[in-house]
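Okay, structure first, notes after.
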Amino acid sequence: ASPTKRSRQAPWVFPDSHRRPLNVEEVAPLNPEGLWRARNEIYLRHGYVFPHESGRRFAAEFGAHYRPRTHSVDEVKARLSPVEVANLRLIADYE
């Protein structure tokens with residue numbers, strides 16, 4: 001995301017990636033950190049408890065938007081919507 005766009009919606013890369021399909025034009029330009037953040041904000045919305053310090057620091061940036069619920073990636077994956085699954089696949093294509 002551009003710096004202006006990023007600062008307006010920080011800390012989200014895609015604040016609506018749980019509601020709409022992302023497109024190649026917005027995912028392709030992201031650097032590795034942006035792709036990592038875009039992927040993990042989808043997991044974060046489902047309350048995934050990140051096992052590593054970098055993930056915990058990332059989650060802390062979201063304040064009240066983050067409600068930790070589970071350490072299980074499988075539990076989170078079971079709750080993903082079709083839009084989120086498609087977005088994760090698109091992000092993975094560029095990671």
Side-chain angles (χ1 to χ4, degrees):
S2 70
T4 305
K5 186 175 178 187
R6 177 99 166 126
S7 62
R8 205 175 1 179
Q9 62 195 27
W12 303 101
V13 176
F14 299 114
D16 55 355
S17 64
H18 60 301
R19 291 191 305 244
R20 70 166 180 92
L22 300 176
N23 61 58
V24 170
E25 292 77 20
E26 58 192 339
V27 173
L30 293 175
N31 64 23
E33 180 188 353
L35 291 165
W36 183 90
R37 291 181 68 88
R39 175 172 42 90
N40 281 295
E41 68 189 19
I42 293 172
Y43 287 94
L44 176 129
R45 283 189 187 96
H46 289 277
Y48 180 61
V49 177
F50 295 90
H52 302 290
E53 184 58 33
S54 58
R56 289 190 289 271
R57 281 194 308 270
F58 167 71
E61 294 178 36
F62 291 82
H65 292 286
Y66 176 57
R67 293 185 180 91
R69 286 186 213 118
T70 182
H71 290 83
S72 170
V73 172
D74 292 334
E75 187 178 321
V76 170
K77 286 181 178 178
R79 292 195 309 248
L80 295 173
S81 72
V83 166
E84 290 169 316
V85 170
N87 287 341
L88 286 168
R89 284 188 184 134
L90 179 62
I91 292 163
D93 286 346
Y94 290 90
E95 279 190 299

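Excluded from the calculations below are hydrogen atoms, water molecules and symmetry mates; all remaining heavy atoms, backbone and side chain alike, are included. It should be emphasised that the depicted structure is a prediction, and the values quoted were computed from it without experimental measurement.
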In Å, rounded to the nearest 0.5 Å, how long is the span from NE2 of H65 to CG of L44?
10.0 Å
Enumerate the ring-ring contact (aromatic ring centres under 6.0 Å, His included) contacts for residues 21-50, please, sequence neighbours excluded, ordered by first and then second residue.
W36-F58, Y48-F50, F50-F58
How long is the span from the CD1 atom in I42 to the CG atom in L88, to the nearest 0.5 Å?
4.0 Å
Can you tell me how far apart CG (L22) and OG (S17) are? Round to the nearest 0.5 Å.
5.5 Å
For N23, side chain to side chain contact (heavy atoms under 4.5 Å, CB included) partners two or more places apart
E25, E26
Qualifying ring-ring contact (aromatic ring centres under 6.0 Å, His included) pairs with a residue from residues 71-95, counting only residues at least two apart or across chains:
none
Report yes if the side chains of P11 and E41 come closer than 4.5 Å at any heavy-atom pair, otherwise no.
no
What distance do L35 atom CG and L30 atom CG have between them, rounded to the nearest 0.5 Å?
5.0 Å
Could I get the full list of side-chain hydrogen bond (donor to acceptor under 3.5 Å, both in side chains) partners for R79, not counting sequence neighbours?
E75
Which residues pass the salt bridge (Lys or Arg N to Asp or Glu O under 4.0 Å) test with D16, not counting sequence neighbours?
R20
Contacts of H18 that satisfy ring-ring contact (aromatic ring centres under 6.0 Å, His included) - sequence neighbours left out:
none
Going by the rule side chain to side chain contact (heavy atoms under 4.5 Å, CB included), which residues pair with P68 if we only count those two or more places apart in sequence or in a different chain?
V49, Y66
Do any pairs count as a salt bridge (charged side-chain N to carboxylate O under 4.0 Å, His left out) and have a residue in residues 80-95, sequence neighbours left out, and if so which ones?
R39-E95
Group every Ile, Leu, Val, Met, Phe, Trp and Tyr by side-chain heavy-atom contacts under 4.5 Å, then state whether V85 and V24 land in the same group.
yes
Run the salt bridge (Lys or Arg N to Asp or Glu O under 4.0 Å) test against R45 and tell me which residues pass, sequence neighbours left out.
none
Measure the spacing between CZ of F14 and CZ of R37 and express it to the nearest 0.5 Å.
12.0 Å
Counterpart residues, salt bridge (Lys or Arg N to Asp or Glu O under 4.0 Å), relative to R56 (two or more places apart):
E53
